[in-house]
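Written out below as structure tokens is the structure these notes cover.
To find a chain, count down the sequence lines: A is the first, B the second, and so on, and within it residues start at 1. Since we're looking at a predicted model, the values are computed, not measured.
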Amino acid sequence: MAQFQSLPGFREFYPDAFARRSHIFRGWRRAAHAYGFSEYDAPVLEPLDLYKAKSGDEIEAQLFSFTDKGGREVALRPEMTPTVCRLVGARANALKRPIKWCSIGEFYRYERAQKGRERAFFQFNCNIFGEPGPEAEIELIGLLVQALTGFGLTADDFYVRLSDRTLWLHYLASLGLDEARSKAVLGAVDKFEKIGDDAFKGYAEAHGPLPEDVKAKVLAFLKIKSLSALEETLAPIGGESLQARLADWRKLVNGLAAMGLGEFVEVDFGVVRGLAYYTGFVFEAFDRKGELRAIAGGGRYDDLVKKLGGPDLPAVGFAIGDVTMGLLLDQRGLMPSFGPAAEVYVVIGGEAERAAAFLDIAGLRAAGYRVEYPLKDLAFGKQFKAAAESGAKLALIYGGDELAKGVVKLRDLADRSEHEVPRAAVVEAVRDHLSGGA
RNA sequence: GCGGUCAUAGCUCAGUUGGUUAGAGCACAAGAUUGUGAUUCUUGGGGUCGCGGGUUCGAAUCCCGUUGACCGCCCCA
């Protein structure tokens, strides 16, 4: 047993695990590219105050934070949102709109590791800045869906739950609740799905029992699962801001439907999301079976750029984590296995043939082919076995007989056919074989 | 931060009421096989039984502590 092991919640990526991680990153980048997002990155270590400013002092308990040798209070980044808000805020006036940015980075949270949650994990973060309307949400949710379907996941595997803090607050105001009471109700709504009626205990402690008729309306609102049901509930209430918000909802839901994403999206006002900097639409992606933690989450935070010292700039964003998404891909059999992937295996007769083989190996590699050969002398039988295991489609045989004739024997490892080619034409022969044969 | 379960080879696991030198399969390596591959056979390397302490003539096995993993709570940006 090793004397030192990795810290709790930190993962080591042996080559097979690294290949899986790369597969995930590739899929994310492919989707972001299709949607026209530009990739950026930023420091892993940030001033602690950046996170306190965004989320409050209590956040520190869940951070990898410490004092550096210069006496600075610092923290490993637990998320990308404050960083990207700072970056965009600093150059907001010079950036072409709409600002569509994405990144893939590692994040660190000092929390108890659990299934689907590590202390170090990767996230795909996507943001749109400068667009106040639901058009930004349409674009982002579209990207979110494609970032998952790109791996072969379907609407049978996951869905996106759509909710709205703005609409909640307007609706609760129409029920006669002030701001403090509304926030307490939202806290209860957040917990209701998990613990049921007990969720309202916190509200009762702070503000006295919630009137039964109000509570009934809140629970009925929670059950709304479609735009038409939403319209039915809100139409009789009237009120300018409420109706304007309803128009935003129509735009969002209809826009997503027009993109063909209707089956991926569900209206669900049970989604509120934790730390209260979200200002509008919020959304979360879950597996359909409900076995895993949230796959992705996001929403609008129009106040955050300004709060962090930038201009008044509306913002929407989401993040997908690599851990839960990887588990889902495993469960659905969508994680490919990554074996060795040599294209050409060079069989070398012995020490005398090695120099000639090396010259051609170097030439093939310079041409971009992935070429393997035995580092030490091996019996022919062993070399052919190694060639088969290397994943190569063809073998080049450098034996004494061949070199005496100035040729190389080219063997197709799949159909076991062989023919000789002049050494001078090895690169061309390999190119023809790999492009034509496949 | 708080509970519950668990910890034996790189992986999956055996290991009897405490009893000699802790085993198997897979994986890895060498040979059978010095010019042709998925089989087979032989052999080998790899363990202070998570770590520390205790009980005992004797501990992988029983007890205590500790670390880690998993599950749940809190939280989940």
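For A/Phe358, the ring pair (Phe, Tyr, Trp, His ring centres under 6.0 Å) criterion is met by A/Tyr373, not counting sequence neighbours. Listed by chain and number, the residues in a side-chain contact (heavy atoms from CB on, under 4.5 Å) with A/Lys385 are A/Glu389 (sequence neighbours excluded). In this structure A/Phe158 satisfies the ring pair (Phe, Tyr, Trp, His ring centres under 6.0 Å) test together with A/Phe264, sequence neighbours excluded. A/His170 is linked by a ring pair (Phe, Tyr, Trp, His ring centres under 6.0 Å) to nothing, counting only residues two or more places apart in sequence or in another chain. Take A/Phe318 and apply the ring pair (Phe, Tyr, Trp, His ring centres under 6.0 Å) test, not counting sequence neighbours, and it matches no residue. Considering only residues two or more places apart in sequence or on other chains, A/His33 meets the side-chain contact (heavy atoms from CB on, under 4.5 Å) condition with none of them.
As rounded to the nearest Å, B/A59 and B/C2 have C1' atoms that lie 33 Å from one another. Rounded to whole Å, the separation between the C1' atoms of B/U8 and B/A60 comes to 7 Å. Only the C1' atoms considered, B/U34 is 48 Å distant from B/G50, to the nearest whole Å. The C1' atoms of B/G25 and B/U21 are separated by 22 Å, rounded to the nearest whole Å. For the P atoms, the distance from B/U20 to B/G58 is 15 Å, rounded to whole Å. If you take atom P in B/A77 and the same atom in B/C49, they sit 44 Å apart, rounded to whole Å. For the P atoms, the distance linking B/A22 with B/C6 amounts to 26 Å, nearest Å. For the P atom pair drawn from B/U56 and B/G46, the interatomic distance equals 35 Å after rounding to whole Å.
B/C76 atom P lies 24 Å from atom CE of A/Met325, rounded to whole Å. A/Glu60 places its CD atom 14 Å from the P atom of B/G1, with the value rounded to the nearest Å. The nearest whole Å value for the distance from the CD atom in A/Glu79 to the P atom in B/C76 is 12 Å. We find that CZ of A/Phe283 is positioned 12 Å from P of B/A77, with the value rounded to whole Å. Straight-line distance from the CZ atom of A/Arg77 to the P atom of B/C76: 21 Å, rounded to whole Å. In this structure, A/Leu375 atom CG and B/A29 atom C1' are separated by 15 Å, rounded to whole Å. With rounding to whole Å, A/Gln114 atom CD is found 13 Å from B/C76 atom P. Rounded to whole Å, atom P of B/C76 lies 8 Å from atom CD1 of A/Ile59.
Judged purely by atom type and a 3.5 angstrom limit, A/Arg77 has no side-chain atom pairing as donor or acceptor with the backbone of A/Gly105.
The A/Asp401 side chain lies nearest to B/G35 when the options are B/A77, B/G35, B/C73. Closest contact between the side chain of A/Lys409 and the listed nucleotides B/G35, B/C74, B/C2 involves B/G35. Counting only heavy atoms from C-beta on, A/Ala113 has its side chain closest to B/C70 among B/C70, B/C74, B/A77. Closest approach to the A/Pro8 side chain among B/G68, B/C75, B/G35 is made by B/G68 (side chain taken as heavy atoms from C-beta onward).
For the salt bridge (Lys or Arg N to Asp or Glu O under 4.0 Å) condition, the pairs that include at least one residue of residues 192-204 of chain A, sequence neighbours left out, are A/Arg161-A/Glu193, A/Asp197-A/Lys215, A/Asp198-A/Lys201.
The pair A/Arg288-A/Glu266 meets the salt-bridge criterion, with a side-chain N (NZ, NE, NH1 or NH2) lying under 4.0 Å from an Asp/Glu carboxylate O. The existence of a salt bridge linking A/Glu131 and A/Arg97 is excluded, since no basic side-chain nitrogen approaches an acidic carboxylate oxygen closer than 4.0 Å. With respect to A/Lys307 and A/Asp303, no salt bridge is recorded, no charged nitrogen being found less than 4.0 Å from a carboxylate O.
A heavy atom lying under 4.0 Å from RNA chain B marks none of the residues of residues 341-351 of chain A. Near RNA chain B, meaning a heavy atom under 4.0 Å from it, residues 115-123 of chain A has A/Lys115, A/Arg117 in order of number.
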What N/O pairs connect the protein and nucleotides 37-40 of chain B at under 3.5 Å? Give each pair on its own line.
unit_1: B/G37; atom_1: N7; unit_2: A/Arg411; atom_2: NH2; d: 2.7
unit_1: B/G37; atom_1: O6; unit_2: A/Arg411; atom_2: NE; d: 2.6
unit_1: B/G37; atom_1: O6; unit_2: A/Arg411; atom_2: NH2; d: 2.6
unit_1: B/G37; atom_1: N1; unit_2: A/Leu413; atom_2: O; d: 2.7
unit_1: B/G37; atom_1: N2; unit_2: A/Leu413; atom_2: O; d: 3.1

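Atom CG of A/Leu48 is separated from atom CG of A/Asp68 by 11.5 Å, given to the nearest 0.5 angstrom.
Put simply, the side chain of A/Arg293 and the base of B/C76 share a donor and an acceptor less than 3.5 Å apart. Under 3.5 Å, the side chain of A/Glu418 and the base of B/U36 form at least one donor-acceptor pair of N or O atoms.
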Dot-bracket notation for RNA chain B is requested: 5' to 3', Watson-Crick or G-U wobble pairs only, both distances under 3.5 Å, with ( ), [ ], | and . as defined. (((((((..((((.....[...)))).(((((.......))))).....(((((..]....))))))))))))....
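Using a 4.0 Å heavy-atom cutoff across all strands shown, A/Glu402 reaches at least one base atom of the nucleic acid. If you check every strand for non-hydrogen atoms under 4.0 Å, A/Gly298 touches nothing.
You'll find the ring centres of A/Phe64 and A/Phe10 inside the 6.0 Å limit.
By the neighbour-count criterion of 12 heavy atoms within 6.0 Å, atom NZ of A/Lys251 is sparsely surrounded, having that number or fewer from other residues, nucleotides or ligands.
The side-chain tip of A/Arg21 points at the ring of A/Phe13 from less than 6.0 angstrom away and within 45° of straight on.
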Pairs of donor and acceptor atoms involving the side chains of residues 417-425 of chain A, under 3.5 Å and at least two apart or interchain, shall be tabulated with distances.
unit_1: A/Ser417; atom_1: OG; unit_2: A/Asp415; atom_2: OD1; d: 2.8
unit_1: A/Glu418; atom_1: OE2; unit_2: A/Arg411; atom_2: NH1; d: 2.8
unit_1: A/Glu420; atom_1: OE1; unit_2: A/Lys405; atom_2: NZ; d: 3.2
unit_1: A/Glu420; atom_1: OE2; unit_2: A/Lys405; atom_2: NZ; d: 3.0
unit_1: A/Arg423; atom_1: NE; unit_2: A/Asp360; atom_2: OD2; d: 3.0
unit_1: A/Arg423; atom_1: NH2; unit_2: A/Ala356; atom_2: O; d: 3.3
unit_1: A/Arg423; atom_1: NH2; unit_2: A/Asp360; atom_2: OD1; d: 3.2

